[in-house]
Amino acid sequence: MNSAVRVRFAPSPTGPLHIGGVRTALFNYLFAKKNHGQFVLRIEDTDQNRFVPGAEEYIIEALKWCGIPFDEGPNKGGKFGPYRQSERRSLYRKYAEELVSNGHAYYAFDTTEDLNAHRKDHEAKGKTFIYNAHNRLKLDNSLSLDPGEVEKKLEGGLPYVIRFKTPESGIISFQDSIRGEIEINTTTLDDKILFKSDGMPTYHLANIVDDHLMEISHVIRGEEWLPSLALHVQLYRAFGWETPVFAHLPLIMKPVGKGKLSKRDGEKMGFPVFPLSWEKSEGYREAGYYPEAVINFLALLGWNPGTEQEIFSLAELVQQFDLDRVNRAGARFDPEKTVWFNHHYLQERSSEELLEEYKSVLEANQIDLSVHSDAYLLQILSLVSERASFAKELYGLSAFFFHAPSEFEAKAAKRGWKEQSPERVRELITLFEDIDFTKPSISAAVTTYMEANDLSFGAIMPTMRMILVGDLKGPGVFEIMELLGKKEVISRMKFALSHFS
């Protein structure tokens, strides 16, 4: 491969970008950069009926957040623009007419009512209506009509579409980089519409023309486009153009059951399926995922590096990516694994990065940061961050450092407060008042107390943890005590005595 490698990601602005679309963009980007090529973003908005305002901006923002920059595209430019199909609409008629001229396409004047009647007639006979070589000479088109009548209809402004003329019989054979050789019998194909009566091309014509004009060398797209591949290959041959290398990526499958991952799966199981929030659906960004984590887990959905390595930077993915290692079979989505990746990247954050995120989380929970130094917050982070998979979880793991418990979790209270607890807590208060309140001093004092009274850690530590935290969770008790300080620890111990009396 060389610098002639050009790939494109060509979404339609009909709604939010699904996580499967992000993976398609990622694989195109990795392949382009691995081979020193160009990654193009093209917006395929020929179907104006399905156009959704804001969807194009969403796509661009999602790619930006994920860290998958495009080299050419809308608002960025490039020598093959414009990069919105709606701005290229004047190009397509010429190519559709060219196919009519060379015998690979034809004008069809059939009305919607006529076609519906044919479908119903076929259904009544237990057949399926397909507009192709079986019946096109019986229908209202330039193949069945004499040239004079066709000319008359065109000059009279009668609505028409341009259909591709599928060969009457034969096998179309072509290669797919992931799936190998594919063969299609043309008798199963219909004569697809290439150019609509509203003057706009269909996806099929615009896609092929644009890929050719933009000199796309490799078409890497989702498995759902496989049914279109036979037509697309035939179009390249009909134009006499060089066919790009095709590679159809495996589907991303549901976590449980069969079928493709959907928005409903995410809603049911509580995980995002979009990179950014869209309407009422939470995105990975808003759910607290890091873009590095999203890129990492998406790369491993359908691609296998051939090693045990699971953590990859984007640069490492570029270096190792190879279409030969993309699987044919669908890749099952694992929500727990996505959390595992995010946990890893949270642990990799620098102290400064995590501190800023922590401050934002604390402010969102109405914690007054003016009374807490960065040094204090960093000490808290050193104790709790290891248990967090998301920055937003840090407050829940550390809230007791900012608010003394006013009540105690039921199971913790049952285990942590026994008949002897009041006496021991009073003795420990007396002990703590006379020591230097550092972790080594606290540990030594408590150990000496337990030995003198023939007590185990289990007799003291659950009680102290419950008093300090309100639960039996959290980091080491002595670390908590040192950070809270003598005055606050004794205050909480006295509260517990009062509460349980």
Can you tell me if H248 and R179 form a side-chain donor-acceptor pair at under 3.5 Å? no

Could you tell me whether K359 and D374 have a side-chain N and a carboxylate O separated by less than 4.0 Å? yes

Could you check whether F27 and F321 have their ring centres less than 6.0 Å apart? yes

Quick one: are the ring centres of Y107 and Y160 less than 6.0 Å apart? yes

Is there a donor in the side chain of Y289 and an acceptor in the side chain of T338, or the other way round, less than 3.5 Å apart? yes

Checking E151 side chain against K153 main chain: does a donor-acceptor pair fall under 3.5 Å? no

Counting the benzene-type ring for Trp, do F164 and Y106 have ring centres under 6.0 Å apart? no

Ring centres under 6.0 Å, that's the criterion: do W278 and Y58 meet it? yes

Donor-acceptor side-chain pairing of S313 and E292 below 3.5 angstrom: no

May I ask you to say whether K165 pairs ionically with D191, meaning some side-chain N is under 4.0 Å from a carboxylate O? no

If the threshold is 4.0 Å, N to carboxylate O, is there a salt bridge linking K392 and E286? no

When you check the side-chain N and O atoms of S12 and E44, is any donor under 3.5 Å from an acceptor? no

Taking only Lys NZ, Arg NE, NH1 and NH2, and the carboxylate oxygens of Asp or Glu, determine whether E310 and K337 approach each other closer than 4.0 Å. yes

What about the rings of Y284 and F297, do their centers lie closer together than 6.0 Å? yes

Q48 side chain to D45 main-chain N or O, any donor-acceptor pair under 3.5 Å? yes

Begin from the C-alpha positions of N185 and T188 and carry the test side chain to side chain donor-acceptor pair (under 3.5 Å) through to its verdict. CA-CA 6 Å; N185 190 323; T188 65; 5.7 Å; no

Quick check: closest heavy atoms across L137 and S144, and the distance to 0.1 Å? O-CB, 3.2 Å

Charged N to carboxylate O under 4.0 angstrom, E72 versus R8? no

Under 6.0 Å between ring centres, would you say that holds for H372 and F402? yes

Between R84 and E56, does any NZ, NE, NH1 or NH2 come within less than 4.0 Å of an OD or OE carboxylate oxygen? yes

Using only heavy-atom distances, determine whether the side chains of Y358 and E363 contain a donor-acceptor pair under 3.5 Å. no

Verify whether the ring centers belonging to Y345 and W340 lie closer than 6.0 Å. no

